[in-house]
J.: 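The structure is given below, and queries will be raised subsequently.
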8 protein chains.
Amino acid sequence: MKSQIEDILKRVHSGVLRPHEAMKLLQDYPYQDLDFAKIDHHRELRKGFPEVIYGLGKTDDQIIKIARAIVNKGSSLLVTRIEAGTYAKLRKAVPGTQYNKSGKIAFLKKRPAAPGQGKIFILTAGTSDMPVAEESFVTAEMLGNDVERAYDVGVAGLHRILGEYDRVKDARVIITCAGMEGALPSVVAGLFSVPVIAVPTSVGYGASFKGVAALLAMLNSCPGGVGVVNIDNGFGAAYLASLINHL
Amino acid sequence: MKSQIEDILKRVHSGVLRPHEAMKLLQDYPYQDLDFAKIDHHRELRKGFPEVIYGLGKTDDQIIKIARAIVNKGSSLLVTRIEAGTYAKLRKAVPGTQYNKSGKIAFLKKRPAAPGQGKIFILTAGTSDMPVAEESFVTAEMLGNDVERAYDVGVAGLHRILGEYDRVKDARVIITCAGMEGALPSVVAGLFSVPVIAVPTSVGYGASFKGVAALLAMLNSCPGGVGVVNIDNGFGAAYLASLINHL
Amino acid sequence: MKSQIEDILKRVHSGVLRPHEAMKLLQDYPYQDLDFAKIDHHRELRKGFPEVIYGLGKTDDQIIKIARAIVNKGSSLLVTRIEAGTYAKLRKAVPGTQYNKSGKIAFLKKRPAAPGQGKIFILTAGTSDMPVAEESFVTAEMLGNDVERAYDVGVAGLHRILGEYDRVKDARVIITCAGMEGALPSVVAGLFSVPVIAVPTSVGYGASFKGVAALLAMLNSCPGGVGVVNIDNGFGAAYLASLINHL
Amino acid sequence: MKSQIEDILKRVHSGVLRPHEAMKLLQDYPYQDLDFAKIDHHRELRKGFPEVIYGLGKTDDQIIKIARAIVNKGSSLLVTRIEAGTYAKLRKAVPGTQYNKSGKIAFLKKRPAAPGQGKIFILTAGTSDMPVAEESFVTAEMLGNDVERAYDVGVAGLHRILGEYDRVKDARVIITCAGMEGALPSVVAGLFSVPVIAVPTSVGYGASFKGVAALLAMLNSCPGGVGVVNIDNGFGAAYLASLINHL
Amino acid sequence: MKSQIEDILKRVHSGVLRPHEAMKLLQDYPYQDLDFAKIDHHRELRKGFPEVIYGLGKTDDQIIKIARAIVNKGSSLLVTRIEAGTYAKLRKAVPGTQYNKSGKIAFLKKRPAAPGQGKIFILTAGTSDMPVAEESFVTAEMLGNDVERAYDVGVAGLHRILGEYDRVKDARVIITCAGMEGALPSVVAGLFSVPVIAVPTSVGYGASFKGVAALLAMLNSCPGGVGVVNIDNGFGAAYLASLINHL
Amino acid sequence: MKSQIEDILKRVHSGVLRPHEAMKLLQDYPYQDLDFAKIDHHRELRKGFPEVIYGLGKTDDQIIKIARAIVNKGSSLLVTRIEAGTYAKLRKAVPGTQYNKSGKIAFLKKRPAAPGQGKIFILTAGTSDMPVAEESFVTAEMLGNDVERAYDVGVAGLHRILGEYDRVKDARVIITCAGMEGALPSVVAGLFSVPVIAVPTSVGYGASFKGVAALLAMLNSCPGGVGVVNIDNGFGAAYLASLINHL
Amino acid sequence: MKSQIEDILKRVHSGVLRPHEAMKLLQDYPYQDLDFAKIDHHRELRKGFPEVIYGLGKTDDQIIKIARAIVNKGSSLLVTRIEAGTYAKLRKAVPGTQYNKSGKIAFLKKRPAAPGQGKIFILTAGTSDMPVAEESFVTAEMLGNDVERAYDVGVAGLHRILGEYDRVKDARVIITCAGMEGALPSVVAGLFSVPVIAVPTSVGYGASFKGVAALLAMLNSCPGGVGVVNIDNGFGAAYLASLINHL
Amino acid sequence: MKSQIEDILKRVHSGVLRPHEAMKLLQDYPYQDLDFAKIDHHRELRKGFPEVIYGLGKTDDQIIKIARAIVNKGSSLLVTRIEAGTYAKLRKAVPGTQYNKSGKIAFLKKRPAAPGQGKIFILTAGTSDMPVAEESFVTAEMLGNDVERAYDVGVAGLHRILGEYDRVKDARVIITCAGMEGALPSVVAGLFSVPVIAVPTSVGYGASFKGVAALLAMLNSCPGGVGVVNIDNGFGAAYLASLINHL
């Protein structure tokens, strides 16, 4: 943002811009105001990927309007937490949009994202963690990464994660999705020497408290190298992993 | 209340009223008893606005009976947390009643409220916080205030709140609605020198715990000048803002 | 902050200032960097009162260095959450500094603060809430307000708060400090028509959970007009009350 | 229970009963085993009222079987937490059974319960607390008590509870139902000198945490004389009140 | 309180009192204002026992001042949560004051309290619950009750509570103090037909969460007839038990 | 697992196996990879029972595919937390599969499990705990144990558990399922000298917090010999009991 | 307990005992009443080991009196949670008593306990879990078991637990003590086929919440065969393990 | 670890190693067993840095023994959470060891760590967050990174973080330490496009719940790119940042 301020300052100094015009620029430039939402089209330049629509709590109508505004700028589209019914409407409004049913995530690739440096590997402790992992998968792919997956490799049967050792050891970042006791990131961070993004999932019942048990376990992970994101936040994990993979 | 006691005491002293009549007065005067509800018609005199109906947990029938009793006294009507279905019935019972669908709030202006001293500004961090903000908006307007809004100006993109600086800086009170990390009031209270009412919203998932994360953040807001209300309590924020704006 | 940006932009435009000098100004101007702390001397202009030192978690040495830097600019000094031992050292370093033992707050008035519009009234439910109330009292006085107090007027004996009715009814803002069930703000907001700042205190035991019971009660306060601050945050309550009282 | 042991011991001593028969008696006597439930028919003798059916978590079929077993012994029937649909089936199986829709409680008086010593008074803070209060009301009446009610007398408008002073002051026990900040029992216990049973209700939203705020407030009630029951436990409050009223 | 209002109204009506004098009376009469505390001397008439001093959070000086004010009126003295060191000072200021070391409660009987109707029985689950039980014991005796005790009768060895059956069965009210799993009130309320006051204690470690486990267990007590007070609130339990015992 | 490593090492040493073949074996042997799930067919050898399908969070299609893979190996089938609708589909895919409606558990015995040493006894506090107990019952039977049940023997009526004394006293392990105050395991562990597996159930309302109250009570159980499993985890309790019963 | 009832009933029937004498016996027999404690000397017969003294919350004097009463009966002594200072006094009162400083547990073997069937193995995740493990160790040894230990074998370095495979695989029961993420029991229960007792420890900081993170992880342990005890409850784990080992 | 297995397998195949010798190797090789601790000397090869000693919960004697064992292998030493008193002893045992008093971390550089790719920047919201930041600083430096710091740049005064823009924008990873409302990472992740490691600190009071408020805020951080570690876990943040910086 500051570089913009500097640019504007320079233009003011050179006489191209008057102060009050500069003020306007600073305020009006960076986003498109839809009244209920301010779309940050500038973000693609700044961050390498356009704004992502977080679907939860938005009406169908709002999602579609924001999606159109993004696609109209020629940007790629990513909508997380979107139900199948809303997707059906969205597909009509923005033809070509695809949908990952398990991950409840809609996407449309318009411009190829900058490619990552290495491979992101997504692991789940169980089959039930799959929806979160799929949200991560679609997100990471859309952000330009090479992604691999191995599901149902929880610590109750160590041979499963050991059996994936060869594939995982070449990853540049590992995403681990686990509910219940959330022990997978601890074991994975002990086995491998790359950053591990831990995603607690709401899989479990009773004293799992919808992912709290896994969240706490991950925050207390004994081996170093584990960064935690919110419960079920497959998107956030992939976004962080992609940032690391693009360094 | 005490001034009433004093009035009554004076009338007793002057012989106009007997003691046991005075007791009756003290007990019976201030509200109309509908058995399941005691309507405080006296409130408009005391507080400047008639009793507001909190819709949650009341049956349709109860809401309509209370609404009628209020309107029959010539008072304005405000019903919060009312579903569209209930509103449809209410509109038939009390013609002219309007409805803000996003804010789930019904209203009917009968008497103009006393005008506020300045402007109340309502900010939201995201689009999903809109229902809470709309409850604030309708309430504040009904209470006689001049109200402005800017939605989706969360701290993830500082340029958005900076872009609204000019409009906001003239406000007498600011209401900020934010879920997730609830950081907006901290940034706003740092930028402006007026009271900031912080409304945590239940927007978010996982470790947002339905607004608890935002609530705690707001209670721990580092800059001074922030008063917090209950999660999703758009009405309460507007009521407090209006009190301040009418000083 | 924006007005500063505008000023700087104007000076750039008029040729007085070069862009890179402007960038420096924007960055260096507003605070004095002590390495472990950045003191916002500009704050007094912007907010009407210099930066307040929050003593908790700071070493004696840090507190004294910041205090000296503030006083050296001719500003008034306010240090909250400071133990008697630290105060003893501070008084030597900054002669004239006074101390409110109950409120654990040190202060030195250098410049008179702008006077408030009306009276701030501080109420406590019990005697044990006094330390929090005294922090409020000293803060509010230092911020230029006319302050009155009535302690031990909790709802278990309604006659006590009713007995203070006359004194309280003229206040422009009311601060209520209560632990345990935290019911005082609900009753006070029902009796009076001015903004009520509710401060939950950590007074109580067992299921008071160090003020959580009172905090929740206050957030759920039924009558409108209540803004809540953090547990034991007497300073924050006074700061907000003062903002309102200076409108 | 011990008196039974003593009786049995005496009969063994007198030769009427053999030891192994005594063992059987001790085990088999007190309840009727329906496999999924053990009905304590003996309870009416011991406690003055037959076993009450807690409907939650029981299938319709189980409720009806237990109800029939109770009524077949000539005992009165009380079923709490029973949905309207289940009641419809129950009424067919056990004709004459009545239903309080608000309190979701079914009942059939077969034998008059022993009358209480005085009056039980039920107060609610708001209209929304009515379902809990009605559960209390039906229970207390079925247990033989003289019961009065005053609803919507919360502390936000003190004149409402003061207005009921005369009716309430003759009660032997008071039941107070309140959600949100749960302040009613504190004020009531300050005004009256009889035992106050406090029932937190799940009325409220956000930081009321489904009655936790009210529960904590009530447990921390400052004035003495308040006993608390579980959230929404209208039945339990009435049962305890009735025990006290029958002393 | 209302009877006072009525009296005052009558005196006003009869000309003995002028309105503004009546207002003064209503405000000044009921308590003695020590600035940091308002002592309710009138309470003894209204409630049958003078105000009790809750020691926690009060300075030694404050406790002594309030104690003197109470004793000077000829009232009995009860100070809860008072450390041995403070008691030593209090005994000098108010000679004759006694101290129960385990219950940390000081007392001085000046006037005999009205005698209760029956016996209050205090049970503890373990030896470690004794301090809470002793607070109950001293309080109940001071309030005029006949009190008996049986300690260490927890449910892990049922024969212990059964062994006290004969003594307990004649009680009019039972107080049960238990930490850890807090199961004693459930078993006791199943065995006896009188009101059971349940006091969760902070005895335990780990997942007892300083009494929360016991508190929750007691609130969920299956048999009817259990009223719960705050964790470690031996005083409150005795106060409620005494109210019931004086009916 | 280590014995497998040793075997493989021996075969490598004897020349039967090459190193890289050994690596493959270690990785590929123990499970069948269905992409979304890794089925541990080896488990039956290692643990005495094939993998159990935890139904929650799996799609119908996933459950059926895993079930087929298990049955195709000639192993017995156990599916927990499976809704009636899913079972209907499963029965078509895997004929002969049975269903316990209360326990929501599907099963098909293919190979007899190794018989346990003694009897497992399952107790519930109330009728509403039955679904959890039935999950335990089916699981324990499928794992080769002799199982007995007694339901509705909670501590509110001690005669009920005492009445089952003779049947229970011969058990080798006892499973106790209880919600609400969760006191049953404490009483049972005091009466009997065998391991007690405590299963908190989500039965209750309000401050039971969906089984948390019972969970905490059980973790704080005073008498020794109690091991706790997750809330509503009837399967886990039976699995642990079976392990003990097979020693 | 029931067998005693039966014996007493038989003696009554045969004329040896009169009913009221029988009642006395039932009440007085099983424990020695020290007023503040009821010592269950009968327990050694019933349970195979005398009553254990839980030191927390008992005064030094109480501990010594109970210890003497136990030793005077010729029973072995075990005192948990006893500080070094108290032990010093106890050793004088009961010569020969030993002390495990890390586990804070005092013991004196008077009578050899019945030997267990196999080996109990105690594992800890880290060095800091040692105090809890030592409490388990002393307890298990005193209860007659053959016990082995391996400390600091947490899942962050899988080779450590794999390195102990040979020693652990012969155990009949395994106790695992772990704080932080508490993942050790999940991995251990996946590797071995015997019952695993999981002890969460309060080792950790921040979001470990004094053992809550580990507790939740253990309750959600994915592989079957894990029973959980209270946080830091080394004694309870050993007691349960010993019960299983003596089957 | 697997590469070691493969090596060992190859040596077995070539006849250099016998199977039982191989088993020994697999078990004994990787760590040095000090009985109370297993030191992973192999870690430096595998992870690039020797084992770090977590000081909390270890006795002085244990810390010194482990430190000696590490230094004796020629490895660098890092001891976190070590009090000044313990450090004084450690310095005598391991001369040359240094100490960062604020960060409570001891260190001795023996071998230079591999240098990172870029710069790690550490930001704190306030002065009180300094101890956590210093733990991060020493750790990151010891792990071979170029580290810069800017303290007291919280969001209450945006100009402070904006003033550091130029220095921060070149960082490869940013560590943000913040207590109270924990809003700093959200603003930082919005301004910069590199991974942000968020460390909640226990700075604050009341409803900060020792860092929980900040932790929740950070987990709910709206802008992507934030990974969270445990409360006050400066070490973990630096370790993860270093892993990323060494990619």
Side-chain angles (χ1 to χ4, degrees), chain E residues 124-129 152-163 165 176-193 196 198 200-228 230-231, chain F residues 124-129 152-163 165 176-193 196 198 200-228 230-231:
Chain E
T124 76
T127 300
S128 308
D129 303 310
D152 197 22
V153 297
V155 305
L158 280 181
H159 53 292
R160 295 181 300 183
I161 179 64
L162 293 176
Y165 192 95
T176 53
C177 306
M180 295 179 172
E181 76 267 64
L184 187 56
S186 291
V187 166
V188 167
L191 288 172
F192 305 97
S193 298
V196 174
T201 73
S202 54
V203 169
Y205 56 93
S208 84
F209 299 125
K210 302 190 177 167
V212 170
L215 170 64
L216 294 185
M218 290 169 181
L219 286 167
N220 285 284
S221 188
C222 184
V226 178
V228 184
N230 197 0
I231 297 164
Chain F
T124 75
T127 300
S128 307
D129 303 309
D152 197 21
V153 297
V155 306
L158 280 181
H159 54 292
R160 295 182 299 181
I161 180 63
L162 292 176
Y165 192 96
T176 53
C177 305
M180 294 176 172
E181 76 266 67
L184 187 58
S186 292
V187 166
V188 167
L191 288 172
F192 305 96
S193 298
V196 173
T201 72
S202 53
V203 169
Y205 58 90
S208 84
F209 299 125
K210 301 188 178 172
V212 170
L215 170 62
L216 294 185
M218 289 170 182
L219 286 167
N220 285 285
S221 187
C222 183
V226 177
V228 184
N230 197 358
I231 297 163

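In what follows, chains carry the letters A, B, and so on, assigned in the order in which the sequence lines appear, proteins first and then strands, with residues in each chain numbered from 1.
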J.: What residue, out of E/V187, E/L184, E/V212, has the most heavy-atom pairs lying under 4.5 Å from chain F?
T.: E/V187
J.: When only pairs under 4.5 Å are counted, which of E/A125, E/A183, E/A213 shares the most heavy-atom pairs with chain F?
T.: E/A213
J.: Holding to ring-ring contact (aromatic ring centres under 6.0 Å, His included), I want the full list of residues that pass it with E/F192, two or more places apart in sequence or in another chain.
T.: E/Y165
J.: So do F/L216 and E/L216 actually touch side chain to side chain, heavy atoms under 4.5 Å?
T.: yes
J.: Would you say that F/C222 contacts E/E181 through its side chain, given a criterion of any heavy-atom pair below 4.5 Å between the two side chains?
T.: yes
J.: Less than 4.5 Å to any heavy atom of chain F: does that hold for the side chain of E/Y205, its backbone, both, or neither?
T.: backbone
J.: At a 4.5 Å cut-off on heavy atoms, which part of E/A189 comes close to chain F: side chain, backbone, both, or neither?
T.: neither
J.: For F/A207 and E/L219, work out which heavy atoms get closest and say how close.
T.: CB-CD1, 4.0 Å
J.: Return each pair, listed once, that meets side chain to side chain donor-acceptor pair (under 3.5 Å) where at least one residue sits in residues 208-219 of chain E; pairs must be two or more places apart or across chains.
T.: none
